[in-house]
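Since the structure is predicted, the reported quantities are computational estimates derived from the model, not experimental observations. By convention here, the first residue in the shown sequence is residue 1.
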Amino acid sequence: MVEDGTGRLSVVAWRKVVTSRSSYCWNVGAQLLPGCRGRGVGTQAQRLLVHHLFAHTPVVRIEADTEAENIAEQRALEKSGFVREGVLRSTLFRGGQWRDVVRYSVLRDDIVPDEPLERFGPSSGPSARRGPSRRAGDGARP
């Protein structure tokens, strides 16, 4: 639950995704109350969750998925340090139709150790330090 001094704003959640017999990553998500959208609440909640999971678990990868039409969530993920990896076609069935999903990830190496959380963002976060966004398969590293 994400709260401020006035009450509940959002819920963040994570689930384990087994990637092999000996490894896993986390898949994270956030849901905001309609009145809390557009204020940076989701961005900050996801940023804090990423830092918490990296600080308290051994994973090296955290991923997030959002519907291709959800541009606001895509922006929030990018501001939180996530990198767009690609589109998973016809992955989610909702409202009577199959929908595309966009996959994002952030790696432990993308986070600068001991950097204050408030410095992460569109102008100084991990995405800004590595230049143009990496795309899946291009082999680029920061």
Only pairs at least two apart or in different chains count here, so list each side-chain hydrogen bond (donor to acceptor under 3.5 Å, both in side chains) that has a residue in residues 13-22. Thr19-Ser23, Ser20-Ser23
Using a strict 4.0 Å threshold on nitrogen-to-oxygen distance, state whether [X] and [Y] make a salt bridge.
| X | Y | value |
| --- | --- | --- |
| Arg99 | Glu67 | yes |
| Asp65 | Arg103 | yes |
| Glu78 | Arg84 | no |

Rounded to the nearest 0.5 Å, the CH2 atom of Trp26 sits from the CG atom of Leu53 at a distance of 6.5 Å
Check step by step if side chain to side chain contact (heavy atoms under 4.5 Å, CB included) holds for Phe82 and Asp110. CA-CA 9 Å; Phe82 283 79; Asp110 293 339; over 6 Å; no
Please test Val28 against Ile62 for side chain to side chain contact (heavy atoms under 4.5 Å, CB included), starting from the C-alpha separation and ending with a verdict. CA-CA 7 Å; Val28 301; Ile62 298 172; 3.6 Å; yes
Give me the atom names and distance for the closest heavy-atom approach of [X] to [Y].
| X | Y | result |
| --- | --- | --- |
| Val12 | Ala45 | CG1-CB, 3.8 Å |
| Cys25 | Arg61 | CB-O, 3.1 Å |
| Phe54 | Val60 | CE2-C, 3.9 Å |
| Thr57 | Tyr24 | CB-OH, 4.3 Å |

Show, in sequence, the C-alpha distance, side-chain angles and deciding distance for Leu77 and Gln46, and conclude whether the side chain to side chain contact (heavy atoms under 4.5 Å, CB included) test is met. CA-CA 7 Å; Leu77 288 166; Gln46 290 176 120; 3.4 Å; yes
State whether the side chain of [X] and the backbone N or O of [Y] hold a donor-acceptor pair below 3.5 Å, judged by distance alone.
| X | Y | answer |
| --- | --- | --- |
| Thr66 | Gln74 | no |
| Asp100 | Ser90 | yes |
| Thr91 | Leu88 | yes |

Would you say Ser105 and Glu85 are linked by a side-chain donor-acceptor pair, where the criterion is simply a distance under 3.5 Å? yes
Parallel, tilted or perpendicular, judged at 30° and 60°: which one describes the rings of His52 and His56? tilted
May I ask you to test the [X]-[Y] pair for a side-chain heavy-atom distance under 4.5 Å?
| X | Y | answer |
| --- | --- | --- |
| Val87 | Val101 | no |
| Tyr104 | Val83 | no |
| Val17 | Asn27 | yes |

Which residues pass the salt bridge (charged side-chain N to carboxylate O under 4.0 Å, His left out) test with Arg75, not counting sequence neighbours? none
Under a single-linkage rule joining Ile, Leu, Val, Met, Phe, Trp and Tyr whose side-chain heavy atoms are separated by less than 4.5 Å, which residues share a cluster with Phe93? Trp98
